[in-house]
Structures are given as C-alpha cells and as structure tokens.
**Q** 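Quick one: this structure, given as structure tokens, is what I'll be asking you about.
First the proteins, then the strands, lettered A, B, ... as listed; each starts at 1.
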Amino acid sequence: MNHWLFKSEPDVFGIDHLAAKPKATEHWDGVRNYQARNFMRQMQVGDQAFFYHSNCDPPGIVGIVEVVRQAYPDHSAWNPDSKYFDPASTPDNPRWFMVDVRLVRKLPRLISLAELREHPALIDMPLVRRGNRLSVMPVPEQAWQLILAMAQGHDERFDKPL
DNA sequence: GCCAACGTTGGC
DNA sequence: GCCAACGTTGGC
C-alpha cells in the first residue's frame, strides 16, 4: 500500500464538496499532467491519500481519502463542453485517467504547508520541494505517519527521549 | 497582484 | 532536437 496526496482548490472542489457527494465518493477528473497521471495509474484500491487545499489561505492538508476504484479513462477529456476537453484523447486511445476517491475523514485540524515545512523530517517530501506543481503525488511512508501524528496534536520532535 | 518554477508548444 | 515563447500553478 502506498500513500498519496491530492491537491484541490477549496473554492473549486474542496473537502466539503467531496463530503457532500453520494457515499462521499467522486472521480478525480481533470488531471492533465503526465507525471500526475502516472501516479494515479499506480494507485491500488485501498490506498489512502491526503486531501490538500491549494491556492487558499492557508494551504494545507485537511483530510484523508481512500482510492475506491483503480485508474480508468477520464471521460471529461472526450467532452467538448468540458474545460478538460482534449481532442487528442479518444475512447479507443485514452490519454488521461482518473481514480475514484472516497472521503475517509477530515483531520481534526488543518496541517498547513508552513507547518510541514518546519519539520526537518519532511524536507524530502515532494509536496514541500521547491517549485513543485504536481496535483497528484506520492507521500513517503514516514511522512504519512508523522503528519497523522501532527494532526492528532503530537509532535514527534518532542516525544523522543533526551 | 506578483512572480518563480515548471510544462507545453511550435518554429526552425 | 533545440529552445524561446507562452500559459499555468500556486505560494506569498
């Protein structure tokens, strides 16, 4: 099982939008970046991911989702009326893919990007790397565990014996 | 609103 | 295949 992170703008599709969907489940369409697409194709049903709010104040991790359907063609690419329309993607030869995600829970509090940056243990996390613009990315296992602990109010930096 | 970082496009 | 121009992302 790998862990991931999905970015979304809360004004466009935030965690409360997902929560309001039937079964708190929605397809993650609109990814138009090859690297992000490739990550989605690696996802397995049952993989968990952070839900991240971008382009807002403050940006940060707000919840946990679970992949409930493996990657399948993103049909929004075939819809001329969609802003995600891409004539280069066809049903016979789909270029873009999506997964279905279900909201598992919101975190007890938002873990801001600034807070993530403060942790030395997280400096190699793709999310906090300079210039990163991927909307879908992996989360290293140690980072996953640490962030969950942070969300519960425990800061592992202060839990270690002297 | 600014702008750095990055991906994509297209001329050559 | 190179690379300049352009568009987008997203933090600040």
Side-chain angles (χ1 to χ4, degrees), chain A residues 2-21 26-43 47-67 71-101 103-140 142-144 146-151 153 155 157:
Chain A
N2 292 306
H3 289 111
W4 312 94
L5 180 143
F6 290 92
K7 274 187 200 172
S8 191
E9 301 186 22
D11 291 346
V12 179
F13 187 80
I15 195 161
D16 290 329
H17 293 103
L18 179 59
K21 293 289 176 185
E26 183 62 301
H27 45 268
W28 202 267
D29 62 351
V31 172
R32 296 292 179 270
N33 170 283
Y34 288 104
Q35 214 180 337
R37 178 202 71 178
N38 293 343
F39 286 136
M40 283 202 296
R41 296 182 77 169
Q42 292 174 32
M43 291 179 185
D47 278 2
Q48 292 198 337
F50 288 130
F51 194 112
Y52 177 91
H53 280 172
S54 66
N55 240 318
C56 57
D57 191 18
I61 294 169
V62 292
I64 295 173
V65 299
E66 182 169 316
V67 176
Y72 60 106
D74 181 344
H75 47 69
S76 68
W78 307 331
N79 176 8
D81 296 327
S82 170
K83 67 170 178 170
Y84 300 125
F85 177 61
D86 180 357
S89 184
T90 65
D92 283 345
N93 190 16
R95 173 174 295 190
W96 305 113
F97 288 77
M98 59 189 178
V99 295
D100 287 357
V101 299
L103 179 64
V104 174
R105 59 191 159 93
K106 291 190 182 184
L107 294 186
R109 66 184 186 89
L110 176 142
I111 311 296
S112 72
L113 180 61
E115 188 176 350
L116 296 172
R117 288 193 195 283
E118 285 173 10
H119 270 271
L122 298 179
I123 54 167
D124 288 331
M125 189 185 179
L127 178 69
V128 305
R129 279 203 211 115
R130 221 165 102 83
N132 166 67
R133 285 168 34 198
L134 279 178
S135 63
V136 178
M137 68 184 82
V139 175
Q142 317 89 286
W144 177 267
L146 174 54
I147 293 165
L148 286 182
M150 290 165 71
D155 186 328
R157 288 177 299 179

**Q** Measure up the A:H17 and A:F13 rings against each other and bin them: parallel (under 30°), tilted (30 to 60°), perpendicular (over 60°).
**A**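 The rings of A:H17 and A:F13 lie parallel, inter-plane angle below 30°.
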
**Q** Could you point out which residue of A:V139, A:I147, A:V65 forms a side-chain contact (heavy atoms from CB on, under 4.5 Å) with A:L5?
**A**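 Testing each of A:V139, A:I147, A:V65 against A:L5, the sole residue satisfying side-chain contact (heavy atoms from CB on, under 4.5 Å) is A:V139.
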
**Q** Taking only residues two or more places apart in sequence, or in another chain, which ones meet A:D16 in a salt bridge (charged side-chain N to carboxylate O under 4.0 Å, His left out)?
**A**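 Per chain and number, A:D16 pairs via salt bridge (charged side-chain N to carboxylate O under 4.0 Å, His left out) with A:K106.
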
**Q** Show the distances under 3.5 angstrom between N or O atoms of the protein and N or O atoms of nucleotides 1-4 of chain C.
**A**
none

**Q** For residues 53-62 of chain A, which residue pairs pass the salt bridge (Lys or Arg N to Asp or Glu O under 4.0 Å) check, not counting sequence neighbours?
**A**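 Output for this query is empty, none listed.
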
**Q** For residues 84-92 of chain A, tabulate all N or O donor-acceptor pairs below 3.5 Å that involve a side-chain atom, not counting sequence neighbours.
**A**
residue	atom	partner	partner atom	Å
A:D86	OD1	A:A88	N	2.9
A:D86	OD2	A:W96	NE1	2.8
A:S89	OG	A:W78	NE1	3.4
A:S89	OG	A:R95	N	2.8
A:T90	OG1	A:N93	N	3.0

**Q** Spell out protein contact along nucleotides 6-12 of chain C as letters: B when the base is contacted, S when just the sugar-phosphate is, - when no protein heavy atom is under 4.0 Å; keep the 5' to 3' order.
**A** -BBBBSS

**Q** Run the side-chain hydrogen bond (donor to acceptor under 3.5 Å, both in side chains) check on A:R32 and A:S76 step by step: do they pass?
**A** CA-CA 11 Å; A:R32 296 292 179 270; A:S76 68; 3.0 Å; yes

**Q** Can you name the residues that form a side-chain contact (heavy atoms from CB on, under 4.5 Å) with A:I123, not counting sequence neighbours?
**A**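 Here no residue qualifies.
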
